[in-house]
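See below for the structure under consideration.
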Amino acid sequence: MSETYEFVVVANRLPVDEVVGADGGRSWARSPGGLVSALQPIVRGHGGAWVGWTGQPGDAPEPFDTDGMHLHPVGLSEDDVDRYYEGQSNGTIWPLFHDAVEQPTHRRPWRQAYESVNRRFAEAAAQLTAVDGTVWVHDYQLMLVPAMLRELRPDLRIGFFLHIPFPPVELFMQLPRRAELLRGLLGADLVGFQRPLAAQNFLQLTGRLLGLDPQEQHVEYDGRTVTARAFPISIDVAEVEKLAADPDVQAEARRMRHELGGDRRLLLGVDRLDYTKGIEQRLEAYGELLADGTVSNDDVVLVQVATPSRMRVQEYQELRARVEHQVGRINGEFGAVGQAPVHYLFQSMNRAELVALYLAADVMVITPLRDGMNLVAKEYVAARYDDQGALVLSEFAGAAAELTTAFQVNPHDVEDIKRALMDALNADAGEQAERMRPMREQVRDHDIDRWAQDFLTALGKS
């Protein structure tokens with residue numbers, strides 16, 4: 001019998017990326033990001049395992065050990081990537097769960113692939129987990145896994161955490177095979193969400209679709225009590241603060257500020273290139289401020305970092321074209337030789353570069369139309385050890401409930417974005433500090449480690 005593990009994480013991606021060296025040799029390096037930072041010591045501390053995809057189509061490599069974890073790759077074919085990942089996960093569920101900002105597409109082969117891949121993940125977890133062990137399943141790509149795993153291994157303690165919003169009843173009801181998805185989540189003992197309203201939406205649906213009788217944070221299902229509640233995710237504050245204090249990062253921030261802005265005040269946006277992030281509305285608001293003379297290219301510059309995302313999907317290709325057209329129009333109308341009002345970077349940046357940008361920015365502009373949390377907002381706050389800088393934040397980001405002293409804005413309202421940008425630009429050092437200090441305290445008190453421990457304590461695995 002193969003080795004089993006008391007604690008297993010199941011996520012769409014493994015916590016490592018394959019690295020190809022100059023000599024063509026291949027190795028694995030830990031993926032960046034707070035989730036991996038939070039879970040790796042927990043998995044290692046429990047002698048645990050992680051089930052996930054490598055990110056590349058094809059046969060799965062053999063399981064291997066790294067960083068004190070046992071990693072079990074799940075293979076996805078090109079067809080699986082097209083139908084399960086880019087199709088059902090990101091063409092159907094993602095837009096629907098983000099308030100249908102973009103119209104979801106419903107296709108039967110996508111749903112069939114989603115079910116098939118979810119079963120593959122569930123079977124891998126069932127084989128790996130020890131008797132009476134604990135499995136923590138993550139995110140919208142794997143919402144059928146808890147019930148499939150429960151069927152295979154009723155002895156297990158199963159948790160599920162959804163990193164994106166959970167929609168209201170009327171939107172969820174549009175999904176074909178909607179009851180199956182709900183039953184999939186009900187296979188867990190604990191279903192975690194970013195915000196309390198998301199948990200309420202889920203519990204309300206159990207009554208509407210399945211005829212159950214939810215009471216407060218619990219619902220009885222299949223002879224078990226399922227708990228649904230909010231666990232707002234956070235960041236590795238210590239890592240961000242360490243980078244912000246690094247003299248090399250501070251020097252890079254000064255260099256960036258000089259090269260990007262000169263004497264101009266610097267507005268900064270950092271987003272995945274996704275239609276939920278409100279980049280088009282942000283550019284429209286900034287363009288109007290330039291057009292009506294409220295701000296000038298001599299005084300202000302916008303730096304927009306757009307990280308490439310899902311570029312094989314047509315909607316994302318079209319979004320890129322629209323954004324780049326807007327940037328070109330603004331720079332063409334309001335720019336001068338050697339001085340552009342918008343610096344647009346369509347690229348990924350490493351952690352040190354991002355923190356340097358956070359230190360360089362006068363105003364961080366985060367205006368998603370809908371966002372489960374938005375960790376960039378928390379990273380910016382954590383980086384500002386000087387208690388300076390201003391945060392313009394969408395009220396439809398989960399982070400808005402915690403970062404209450406930000407300049408909050410309705411991202412659908414261009415006039416409101418313009419108002420918030422000017423309020424942030426006009427805030428003096430005293431107002432900036434008065435707003436920044438409580439946000440920094442909130443983020444430091446509720447970091448990624450506390451999030452993970454809170455969830456696992458509620459699940460009964462501390």
Side-chain angles (χ1 to χ4, degrees), residues 34 232 234-258 260-270 282 285-286 289 294-295 299-303 305 351-368 373-395 397-411 416-448 450:
S234 193
I235 61 168
D236 185 345
V237 175
E239 180 202 22
V240 175
E241 290 184 335
K242 182 178 179 181
L243 283 169
D246 187 321
D248 290 340
V249 173
Q250 293 176 2
E252 179 66 4
R254 290 190 293 272
R255 185 195 68 78
M256 285 178 166
R257 185 171 181 85
H258 175 73
L260 293 170
D263 295 329
R264 296 183 291 174
R265 288 175 293 173
L266 196 155
L267 306 173
L268 174 64
V270 175
R282 185 183 313 160
Y286 181 57
L289 288 173
T294 306
V295 300
D299 301 324
V300 178
V301 59
L302 170 64
V303 177
V305 178
R351 304 288 295 158
E353 290 172 324
L354 283 175
V355 172
L357 271 176
Y358 297 154
L359 293 174
D362 294 288
V363 180
M364 187 84 213
V365 190
I366 297 174
T367 54
M373 179 51 61
N374 195 290
L375 297 180
V376 170
K378 294 186 175 184
E379 289 175 353
Y380 177 71
V381 167
R384 295 311 300 240
Y385 62 89
D386 56 358
D387 286 334
Q388 292 300 286
L391 174 62
V392 173
L393 180 61
S394 166
E395 61 192 48
E402 297 175 82
L403 306 180
T404 57
T405 52
F407 292 91
Q408 295 204 7
V409 60
N410 176 359
D416 201 33
I417 299 173
K418 290 162 65 178
R419 173 201 57 77
L421 288 174
M422 293 313 302
D423 286 348
L425 284 168
N426 291 329
D428 61 24
E431 182 181 359
Q432 290 177 31
E434 193 174 314
R435 288 174 175 270
M436 190 61 72
R437 284 192 195 108
M439 292 193 289
R440 281 178 49 74
E441 289 175 11
Q442 168 67 27
V443 170
R444 293 183 85 176
D445 290 345
H446 299 82
D447 66 0
I448 187 76
R450 178 167 172 178

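Predicted, not measured: the structure shown is a model, and the values here were computed from it. Computation of the quantities below employed the complete heavy-atom set of this structure, encompassing side-chain atoms and omitting hydrogens, waters and symmetry-equivalent molecules.
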> Who passes salt bridge (Lys or Arg N to Asp or Glu O under 4.0 Å) against D387, sequence neighbours left out?
Replying inline: R437, R440
>> Give me the atom names and distance for the closest heavy-atom approach of V237 to R444.
In response: CG1-CG, 3.9 Å
> For R255, which residues count as a salt bridge (Lys or Arg N to Asp or Glu O under 4.0 Å) partner, sequence neighbours excluded?
Replying inline: E252, E259
> Which pair of non-hydrogen atoms, one from A397 and one from M373, has the smallest distance, and what is that distance?
Replying inline: CB-O, 3.7 Å
>> Applying salt bridge (Lys or Arg N to Asp or Glu O under 4.0 Å), can you list everything that pairs with R419, at least two apart in sequence or on another chain?
In response: D416, D423
>> Looking at every heavy atom in both I417 and N410, which two are closest together, and how far apart are they?
In response: CG1-O, 4.0 Å
> Has the side chain of Q432 got a donor or acceptor atom that lies under 3.5 Å from a matching backbone atom of A427?
Replying inline: yes
> Partners of Q250 by side chain to side chain donor-acceptor pair (under 3.5 Å), sequence neighbours excluded?
Replying inline: Y385
>> Minimum heavy-atom separation for A424 and A390, please, with both atom names.
In response: CB-CB, 3.9 Å
> Listed by chain and number, what are the side chain to side chain contact (heavy atoms under 4.5 Å, CB included) partners of T294, not counting sequence neighbours?
Replying inline: L289, D292, M422
> Are side-chain heavy atoms of L421 and V409 found at a separation under 4.5 Å?
Replying inline: no
> Can you name the side chain to side chain donor-acceptor pair (under 3.5 Å) partners of E431, sequence neighbours left out?
Replying inline: R435
> Where is the tightest heavy-atom contact between G269 and L302, given as atom of each residue plus distance?
Replying inline: N-CD1, 4.4 Å
> Under the side chain to side chain donor-acceptor pair (under 3.5 Å) test, which residues partner D246, sequence neighbours left out?
Replying inline: none
Review item, side-chain donor-acceptor pairs of residues 354-367, under 3.5 Å, at least two apart:
residue : atom : partner : partner atom : Å
Y358    : OH   : E379    : OE1          : 2.6
D362    : OD1  : R257    : NH2          : 3.4
D362    : OD2  : R257    : NH1          : 3.0
D362    : OD2  : R257    : NH2          : 2.9
D362    : OD2  : L266    : N            : 2.7
T367    : OG1  : R282    : NE           : 3.0
T367    : OG1  : R282    : NH2          : 3.1

> To the nearest 0.5 Å, what is the distance between OG1 (T404) and CD (E395)?
Replying inline: 13.5 Å
>> Just to verify, what does A251 make a side chain to side chain contact (heavy atoms under 4.5 Å, CB included) with, not counting sequence neighbours?
In response: R254
>> Which residues pass the side chain to side chain donor-acceptor pair (under 3.5 Å) test with E353, not counting sequence neighbours?
In response: none
> Run the side chain to side chain contact (heavy atoms under 4.5 Å, CB included) check on S234 and R450 step by step: do they pass?
Replying inline: CA-CA 8 Å; S234 193; R450 178 167 172 178; over 6 Å; no
>> Measuring from atom CE of M436 to atom CG of L403, what distance do you get when rounded to the nearest 0.5 angstrom?
In response: 9.5 Å
> What residues form a salt bridge (Lys or Arg N to Asp or Glu O under 4.0 Å) with E434, not counting sequence neighbours?
Replying inline: none
> What's the spacing between K242 NZ and R351 CZ if we round to 0.5 Å?
Replying inline: 13.0 Å
> When rounded to the nearest 0.5 angstrom, what distance separates CD in E239 from CG in D447?
Replying inline: 12.0 Å
> At what distance, to the nearest 0.5 angstrom, does CG of N374 lie from CG of L393?
Replying inline: 7.0 Å
> Can you name the nearest heavy-atom pair linking S394 to A400, along with the distance?
Replying inline: O-CB, 3.5 Å
> With a cut-off of 6.0 Å (strictly less than), are more than 12 heavy atoms of other residues, nucleotides or ligands near CG of N426?
Replying inline: yes
>> Would you say that P232 contacts E402 through its side chain, given a criterion of any heavy-atom pair below 4.5 Å between the two side chains?
In response: yes
